[in-house]
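Encoded as structure tokens, the structure appears first; notes follow it.
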Amino acid sequence: MARNRNKLITLFIGNLSNALVHQILEKATDDAELAHKYDKELLTSLDIAKAYREKINPKTEPLPLQDRTYIKSKVMKQVTAELSLRIAKGYQHIDLSLVEGHIDTLLKELTIV
């Protein structure tokens, strides 16, 4: 187990949240060039999140239930807050109802849930 496990979990949550925000923004835009930039940021953040996931706990071993619920709730809060901020700035076509579905999908992909 890592020495700075809590810090790794915090960094993992930050990168996962950033990836999810850009995934939803990519789906919300009609501009192909902007969607490409969102996709690039999504892939970068997701790769970093995968590296942190591997440092927290080997991928073959599940995380404790307490960590899983903590990670999901923090990611949900951060993504919703960031998207709400973007909506307030004038971003169009952002659907906040997609957040939980995308979170569940990515957490399953990273073997968190």
Side-chain angles (χ1 to χ4, degrees):
M1 208 174 272
R3 278 188 196 163
N4 297 321
R5 190 169 192 279
N6 290 338
K7 184 172 182 166
L8 289 174
I9 289 175
T10 302
L11 292 169
F12 171 73
I13 290 169
N15 281 289
L16 188 61
S17 298
N18 191 45
L20 285 162
V21 166
H22 285 89
Q23 184 177 32
I24 293 170
L25 288 174
E26 178 186 11
K27 295 193 184 315
T29 187
D30 295 332
D31 185 6
E33 186 176 323
L34 191 57
H36 176 70
K37 290 181 182 183
Y38 287 146
D39 185 51
K40 190 175 177 182
E41 182 67 27
L42 161 69
L43 294 175
T44 302
S45 293
L46 194 56
D47 287 342
I48 295 169
K50 286 178 182 178
Y52 284 128
R53 165 63 179 102
E54 197 60 37
K55 288 180 182 180
I56 293 169
N57 196 11
K59 216 173 186 181
T60 56
E61 297 179 30
L63 288 175
L65 181 61
Q66 179 182 355
D67 288 340
R68 287 184 265 173
T69 56
Y70 173 75
I71 288 170
K72 184 174 179 176
S73 68
K74 287 294 280 187
V75 169
M76 183 74 149
K77 283 181 185 178
Q78 286 186 5
V79 171
T80 305
E82 179 63 30
L83 290 175
S84 296
L85 185 67
R86 301 268 179 132
I87 290 170
K89 287 182 178 179
Y91 283 57
Q92 301 289 321
H93 311 294
I94 295 175
D95 188 4
L96 292 177
S97 65
L98 298 175
V99 173
E100 192 166 2
H102 285 288
I103 289 173
D104 290 337
T105 303
L106 263 179
L107 291 178
K108 285 178 186 173
E109 181 183 321
L110 297 172
T111 61
I112 299 295
V113 184

Distance in Å, [X] [atom1] paired with [Y] [atom2], rounded so as to fall on 0.5 Å steps:
X   : Y    : atom1 : atom2 : value
D39 : T44  : CG    : OG1   : 9.0 Å
I24 : L96  : CD1   : CG    : 7.5 Å
S73 : Q78  : OG    : CD    : 10.0 Å
I71 : L16  : CD1   : CG    : 8.5 Å
L83 : Y91  : CG    : OH    : 10.5 Å
I56 : I112 : CD1   : CD1   : 6.5 Å

Please say yes or no: joined through hydrophobic side-chain contacts below 4.5 Å, possibly via intermediate residues, are [X] and [Y] part of one cluster?
X   : Y    : value
V21 : L43  : no
I87 : I103 : yes
Y70 : L107 : yes
L11 : L110 : yes

Would you mind reporting whether [Y] and [X] have side-chain heavy atoms less than 4.5 Å apart?
X   : Y    : value
R53 : T111 : yes
Q23 : L106 : yes
L25 : L42  : no

In this structure, which one of L98, T105, V75 forms a side-chain contact (heavy atoms from CB on, under 4.5 Å) with L20?
V75
Criterion side-chain hydrogen bond (donor to acceptor under 3.5 Å, both in side chains) on D31 and T29, from CA distance to verdict
CA-CA 6 Å; D31 185 6; T29 187; 5.5 Å; no
Which atom pair, heavy atoms only, marks the closest approach of N15 to S45?
O-CB, 3.5 Å
Examine distances only and state if a side-chain atom of [X] and a backbone atom of [Y] form a donor-acceptor pair shorter than 3.5 Å.
X   : Y   : answer
T80 : K77 : no
H22 : N18 : yes
R68 : L63 : yes

Taking only Lys NZ, Arg NE, NH1 and NH2, and the carboxylate oxygens of Asp or Glu, determine whether K50 and E109 approach each other closer than 4.0 Å.
yes
Looking at R86 and E82, does any basic side-chain N land under 4.0 Å from a carboxylate oxygen?
yes
Look at atom NZ of K59 and say whether more than 12 heavy atoms of other residues, nucleotides or ligands are closer to it than 6.0 Å.
yes
